[in-house]
Amino acid sequence: MTKIAQLVNRYNPDLVDVTICGSMAHQEKFAAVAQTLDAAGLRVRVPAIEENVDWSSLAEHQMLAKKKDYMDRHFANIARSRAVLVCNYEKNNEPGYIGANTLMEMTVAYVSGVPIYLLEKPDGGINSKALEVAALGGIVLPDGDVAGLIDVLKQGEDHE
């Protein structure tokens, strides 16, 4: 059994239409995107917010265990999605920013056979991960409009 299958068995998340990924610096924007998708009748999952965790009160092994649990749960959620939407807004003056965690999330989607959609095209700079995104089959939504993703998922429902 693969590690991803083990995580799905452990956390047993419900199947959803879209799991949102991206830099947690943009979690407020995630909520707006999630509302748009929800209003279209899609089931949406956003990453767990770690704001209530007092990391400074934890020993290193506790921090690692907690971070691993957040990651494992999110990976299981990704694997139980019909699509992943990467909300890759500009960060650190880098348009279409994709950090290490987001690239890991995209990789989980890829190995789980979950299509990957992005709001913005990575800028193509040396640190942009544009080649990796292209290799994983990431689809950039025209003008960052989630309507295209909504259409794809709604059409898929008609064929199920």
I'd like to know whether H74 forms a side-chain contact (heavy atoms from CB on, under 4.5 Å) with C21, so could you lay out the CA-CA distance, the side-chain angles of the two residues, the decisive distance to 0.1 Å, and finally the verdict.
CA-CA 9 Å; H74 193 51; C21 299; 3.6 Å; yes

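- Ring geometry for H26 against Y89 counts as perpendicular: the plane angle is over 60°, on a 0 to 90° scale with 30° as the lower cut.
- Here K3 pairs with Q6, L7, K68 under the side chain to side chain contact (heavy atoms under 4.5 Å, CB included) rule; sequence neighbours left out.
- For the atom pair OG of S23 and CD of E90, the computed distance is 12.0 Å after rounding to the nearest 0.5 Å.
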Apply side-chain contact (heavy atoms from CB on, under 4.5 Å) to residues V18 and Y117 and explain how you reach the verdict. CA-CA 10 Å; V18 181; Y117 295 85; over 6 Å; no

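- For the salt bridge (Lys or Arg N to Asp or Glu O under 4.0 Å) condition, no pair includes a residue of residues 23-38, sequence neighbours left out.
- Residues V46 and Y97 do not share a hydrophobic cluster, clusters being chains of Ile/Leu/Val/Met/Phe/Trp/Tyr side chains in contact below 4.5 Å.
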Run F75 and I4 through side-chain contact (heavy atoms from CB on, under 4.5 Å) and show every step you take. CA-CA 7 Å; F75 292 162; I4 293 170; 5.7 Å; no

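- At most 12 non-hydrogen atoms from other residues, nucleotides or ligands lie less than 6.0 angstrom from CG of N93.
- Partners of R80 under the side chain to side chain contact (heavy atoms under 4.5 Å, CB included) rule, at least two apart in sequence or in another chain, are V8, P13, L15.
- Interatomic distance, CD of E120 versus CG of N88, reported as 5.5 Å (0.5 Å rounding).
- Rounded to the nearest 0.5 Å, atoms CD1 (I116) and CG (L85) are 11.0 Å apart.
- Atom CG of D143 and atom CG of L119 lie 11.5 Å apart (nearest 0.5 Å).
- L58 and L64 fall into different hydrophobic clusters, defined by Ile, Leu, Val, Met, Phe, Trp and Tyr side-chain heavy atoms under 4.5 Å apart, directly or through other members.
- Checked against salt bridge (charged side-chain N to carboxylate O under 4.0 Å, His left out), D69 has the following partners two or more places apart in sequence or in another chain: R10, R73.
- V152 and I20 fall within a single hydrophobic cluster, where Ile, Leu, Val, Met, Phe, Trp and Tyr are joined by side-chain heavy atoms under 4.5 Å apart, directly or via other members.
- For the atom pair CG of L149 and OG1 of T36, the computed distance is 11.5 Å after rounding to the nearest 0.5 Å.
- Residues D17 and V44 fail the side-chain proximity criterion, which asks for heavy atoms closer than 4.5 Å.
- Pairing each heavy atom of L42 with each of K154, the nearest pair is CD2-CE, 4.3 Å.
- The shortest side-chain heavy-atom distance between P47 and M24 falls under the 4.5 Å cut-off.
- When the side chains of ILVMFWY residues are joined at heavy-atom separations under 4.5 Å, either directly or via intervening members, V16 and V33 end up in two distinct hydrophobic clusters.
- When side chains are defined from C-beta on, I98 counts as touching L118, because their heavy atoms get closer than 4.5 Å.
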Review item, side-chain donor-acceptor pairs of residues 101-113, under 3.5 Å, at least two apart:
| residue | atom | partner | partner atom | Å |
| --- | --- | --- | --- | --- |
| T107 | OG1 | L103 | O | 2.9 |
| S112 | OG | V108 | O | 2.8 |

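- Remark: F30 engages no residue in a ring pair (Phe, Tyr, Trp, His ring centres under 6.0 Å) (not counting sequence neighbours).
- Atom CG in D72 sits 12.0 Å away from atom NZ in K67 (nearest 0.5 Å).
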